[in-house]
Amino acid sequence: MPILHGVPLSPFVRKVRVACAEKSIEYENKPQMPFGDRTDFLPISPLGKIPVWQEGDFTVPDSSVIIDYLEQTHPTPRLYPADPRQRATACFLEEYADTRLVDALSTVFFQRFVRPNFFKQEPDQELVREALEEKVPECFEYLTGVLGDDDYLVGNAFSIADIAVSSPFVNFKLAGEEVDAGRWPSVAAHVQRCWARPGYKAIVEGDTSG
Ligand SMILES: N[C@@H](CCC(=O)N[C@@H](CS)C(=O)NCC(=O)O)C(=O)O
């Protein structure tokens with residue numbers, strides 16, 4: 001059986017878990033931590049990051065690369081739009097989510113959840129303030145514009161873009177935050193719509209059950 005290396009709470013590991021749930025791919029999870037001594041892990045993850053996907057001797061790191069690989073090996077249901085322009089848009093939105101959105105949402109998660117629980121350190125409140133007051137609103141305004149009146153981000157069909165965008169909101173929730181539905185109603189509804197999908201629902205419930 002394939003192995004997914006990486007702690008489940010990572011937004012990048014969760015992307016792969018959701019993709020596997022959508023495609024009904026079975027795997028074993030090995031909860032590799034993303035910090036501390038990773039010497040033994042470096043041979044299969046040259047950047048030292050999680051996740052890594054393993055099938056026997058074959059290993060591949062990086063959530064985006066892994067899901068693209070799984071799309072080739074398990075084409076249905078498709079997670080990438082068939083139309084080349086829509087596919088390009090979906091891949092860019094995945095990149096936006098993996099960088100700008102994860103930075104905004106995971107900063108709050110790291111300060112409020114990881115630092116106290118794993119490092120016995122107090123959160124840096126200035127970093128939390130900057131994220132919540134500056135980075136997060138900028139992201140939510142952008143996503144509001146992309147969504148328009150649609151249910152999903154690209155071609156109004158669930159895709160890799162929706163997986164990548166909705167995943168770090170689980171970490172935001174673990175940090176005690178949620179989208180202000182009064183200010184960004186379409187973003188709030190989009191996250192809930194993604195989380196309600198079969199397979200994704202159990203993942204969110206498991207990750208937030210404490
Ligand atoms: N582009 C990578 C990013 C993965 C990533 O940054 N993972 C974090 C954990 S959430 C990590 O392993 N960080 C450890 C490090 O940067 O040294 C992907 O999509 O898989």
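Remember, predicted model here, so these are calculated numbers, not experimental data. Whatever order the structure lists ligands and atoms in, that order sets their numbers, starting from 1.
By heavy-atom distance, the residue among Ser63, Pro61, Pro34, Ser45 lying nearest atom 19 (O) of ligand 1 is Ser63. Nearest to atom 1 (N) of ligand 1 by heavy atom, out of Asp62, Leu9, Ile50, is Asp62.
Counting non-hydrogen atoms of neighbouring residues, nucleotides and ligands closer than 6.0 angstrom, the CD atom of Glu134 exceeds 12 such neighbours. Few gaps surround NZ on Lys23; more than 12 heavy atoms of other groups in view lie less than 6.0 Å from it.
Between Phe140 and Phe169, the distance from one ring center to the other falls under 6.0 angstrom. Taking the six-membered ring where the residue is Trp, the centroids of Tyr69 and Phe58 are separated by under 6.0 Å.
For the pair Lys49 and ligand 1, the shortest N or O to N or O distance falls below 3.5 Å. Considering both main-chain and side-chain atoms, Pro11 never comes within under 3.5 Å of ligand 1 through any nitrogen or oxygen pair. Every N/O-N/O distance between Ser10 and ligand 1 stays at or above 3.5 Å.
Residue-level proximity to ligand 1 for Arg38 is carried by the side chain, the only part with a heavy atom below 4.0 angstrom.
Counting atoms of ligand 1 from 1 in the listed order, those under 4.0 Å from a heavy atom of Pro51 are 20 (O).
In the model, Asp151 has no side-chain atom that pairs as donor or acceptor with a side-chain atom of His190 under 3.5 Å. Checked by atom type, the side-chain pair Arg14/Asn171 shows a donor-acceptor distance below 3.5 Å.
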